[in-house]
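Here the structure is laid out as structure tokens; the discussion comes afterwards.
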Amino acid sequence: MAFEASYRDYVAELGDEERYPFPMDFDHRDFPAMLARINDFATGKNLPAGYVPSTTYWLVQGNSLLGVSNLRHYLNDRIRHMGGHIGLGIRPGYRGRGLGSVLLRLTIAQARARGLEEIHVHCEQANRASARMIVANGGVLDSEVAGSGGYGVVQRYLVTAP
Ligand SMILES: CC(C)(COP(=O)(O)OP(=O)(O)OC[C@H]1O[C@@H](n2cnc3c(N)ncnc32)[C@H](O)[C@@H]1OP(=O)(O)O)[C@@H](O)C(=O)NCCC(=O)NCCS
């Protein structure tokens with residue numbers, strides 16, 4: 001709750017930009033209800049069809065929210081194909097300072113703590129910042145697939161080394 005004001009500023013800063021990870025699309029007008037929804041996803045309650053349980057992490061400094069990641073606890077066929085284990089985004093004004101790489105590293109550590117040994121991280125081929133961030137965290141390009149629903153070619157990376 002302490003980050004409500006910063007969260008609202010963050011979303012305003014995103015404007016019309018596509019939101020990553022997907023919980024950034026949740027209606028946040030009722031902030032406690034949004035937090036409850038995020039918590040439900042983490043515990044696997046009231047999941048929409050096709051979704052697996054996922055935990056959302058906030059990267060914060062002081063009272064400011066700087067980035068958000070989402071760790072899927074396991075894959076299903078849909079996100080094994082496209083989506084992977086981890087989605088993340090950094091607040092626009094804080095990009096290009098290494099925070100994306102830090103947040104991915106911390107989220108990979110959470111994945112390992114859950115016992116995941118092969119972590120799938122996907123990004124659009126055109127999203128070079130994302131691809132470099134994944135490679136900087138040990139991601140090895142596994143395959144590329146044609147995007148659907150408005151997405152360009154999607155690169156699928158695997159992070160296996162500890
Ligand atoms: C992708 C994103 C999370 C990267 O976060 P970031 O904090 O800007 O990234 P970092 O500063 O940690 O940089 C990561 C790498 O990308 C490179 N990079 C940063 N901005 C870049 C840009 N605009 N174009 C190309 N490369 C860029 C950095 O040099 C670094 O590479 P290096 O380690 O080889 O030097 C961030 O740009 C973002 O939130 N984008 C919108 C949401 C999104 O695309 N999420 C990913 C969905 S798959």
Side-chain angles (χ1 to χ4, degrees), residues 3 5-28 34 38 41-42 48 50-112 114 116 118-162:
F3 292 92
S6 185
Y7 191 96
R8 293 188 189 286
D9 290 347
Y10 187 137
V11 172
E13 210 176 310
L14 288 171
D16 291 338
E17 179 179 302
E18 183 167 8
R19 300 194 189 163
Y20 291 99
F22 73 87
M24 294 304 287
D25 273 326
F26 290 177
D27 185 347
H28 62 284
M34 187 200 71
I38 288 175
F41 269 80
Y51 280 74
V52 301
S54 65
T55 300
T56 297
Y57 297 99
W58 289 358
L59 183 72
V60 303
Q61 184 177 51
N63 294 324
S64 299
L65 178 64
L66 305 185
V68 178
S69 70
N70 177 264
L71 172 65
R72 277 64 96 167
H73 298 180
Y74 53 86
L75 299 177
N76 60 16
D77 288 345
R78 182 174 70 90
I79 59 174
R80 179 181 297 277
H81 178 66
M82 205 176 293
H85 281 109
I86 295 173
L88 81 165
I90 295 294
R91 189 174 184 138
Y94 287 84
R95 290 178 190 164
R97 304 182 190 185
L99 292 177
S101 298
V102 168
L103 181 55
L104 182 57
R105 175 167 55 76
L106 294 170
T107 310
I108 287 170
Q110 293 294 330
R112 291 204 193 291
R114 287 188 162 272
L116 296 175
E118 186 182 73
I119 301 158
H120 296 226
V121 191
H122 299 172
C123 75
E124 270 192 280
Q125 188 187 50
N127 191 344
R128 296 325 295 157
S130 187
R132 288 179 65 161
M133 169 185 77
I134 296 166
V135 169
N137 275 282
V140 175
L141 184 62
D142 176 70
S143 50
E144 294 185 338
V145 286
S148 57
Y151 288 96
V153 171
V154 171
Q155 295 188 317
R156 304 191 292 198
Y157 291 83
L158 293 178
V159 180
T160 48

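Remember, it's 1-based here, ligands and their atoms both numbered in the order they're listed.
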Does a sphere of radius 6.0 Å around CG in Asp27 hold more than 12 heavy atoms from other residues, nucleotides or ligands, not counting ones at 6.0 Å or beyond?
yes
Using a plain distance cutoff, I'd like to know if Gly89 has any nitrogen or oxygen under 3.5 Å from a nitrogen or oxygen of ligand 1.
no
Side chains of Thr55 and His73: is there a donor and an acceptor less than 3.5 Å apart?
yes
With atom 5 (O) of ligand 1 as the reference point, say which of Gly96, Gly100, Gly84, Gly67 has the nearest heavy atom.
Gly100
Return a yes/no value for Arg132: is any of its N or O atoms, backbone included, closer than 3.5 angstrom to an N or O of ligand 1?
yes
With rounding to the nearest 0.5 Å, note down the distance linking CZ in Arg114 to CG in Leu71.
6.0 Å
side-chain hydrogen bond (donor to acceptor under 3.5 Å, both in side chains) between Ser6 and Asn63, intermediate numbers included
CA-CA 7 Å; Ser6 185; Asn63 294 324; over 6 Å; no
Looking only at distances, can you tell me whether any N or O atom of Glu17, backbone or side chain, sits closer than 3.5 Å to an N or O atom of ligand 1?
no
Going by heavy-atom distance to atom 10 (P) of ligand 1, choose the closest among Ala131, Cys123, Ser130, Gly98.
Gly98
Between Glu18 and Tyr151, is there a side-chain donor-acceptor contact under 3.5 Å, judged purely by atom types and distance?
yes
I'd like the name of whichever of Gln155, Met133, Arg95, Arg97 reaches closest to atom 38 (C) of ligand 1 through any heavy atom.
Arg95
When you measure from atom 42 (C) of ligand 1 to every protein heavy atom, which one gives the shortest distance, and what is it?
Tyr20 CD1, 3.5 Å
Can you find an N/O atom of Ser101 closer than 3.5 Å to an N/O atom of ligand 1?
yes
Got more than 12 heavy atoms from elsewhere within 6.0 Å of CD, Glu144?
yes
Just grab all the side chain to side chain donor-acceptor pair (under 3.5 Å) pairs involving residues 97-108, residues at least two apart or on different chains.
Ser69-Thr107
Does a donor on one side chain and an acceptor on the other come within less than 3.5 Å for Ser143 and Arg156?
yes
Look at atom 45 (N) of ligand 1 and say which protein heavy atom is nearest, naming residue and atom and giving the distance to 0.1 Å.
Leu88 O, 2.9 Å
Under a heavy-atom criterion of less than 4.0 Å, does His122 contact ligand 1?
yes
Within the structure, does Ala129 bring an N/O atom to less than 3.5 angstrom of an N/O atom in ligand 1?
yes
Cation-pi geometry met for Arg78 and Tyr51 (6.0 Å, 45°)
yes
Which residue holds the protein heavy atom closest to atom 33 (O) of ligand 1, what is that atom called, and what is the gap in Å?
Ala136 CB, 3.9 Å
Between Glu18 and ligand 1, which part of the residue brings a heavy atom under 4.0 Å of the ligand: side chain, backbone, both or neither?
neither
Answer side chain, backbone, both or neither: which part of Leu103 comes under 4.0 Å from ligand 1, heavy atoms only.
neither
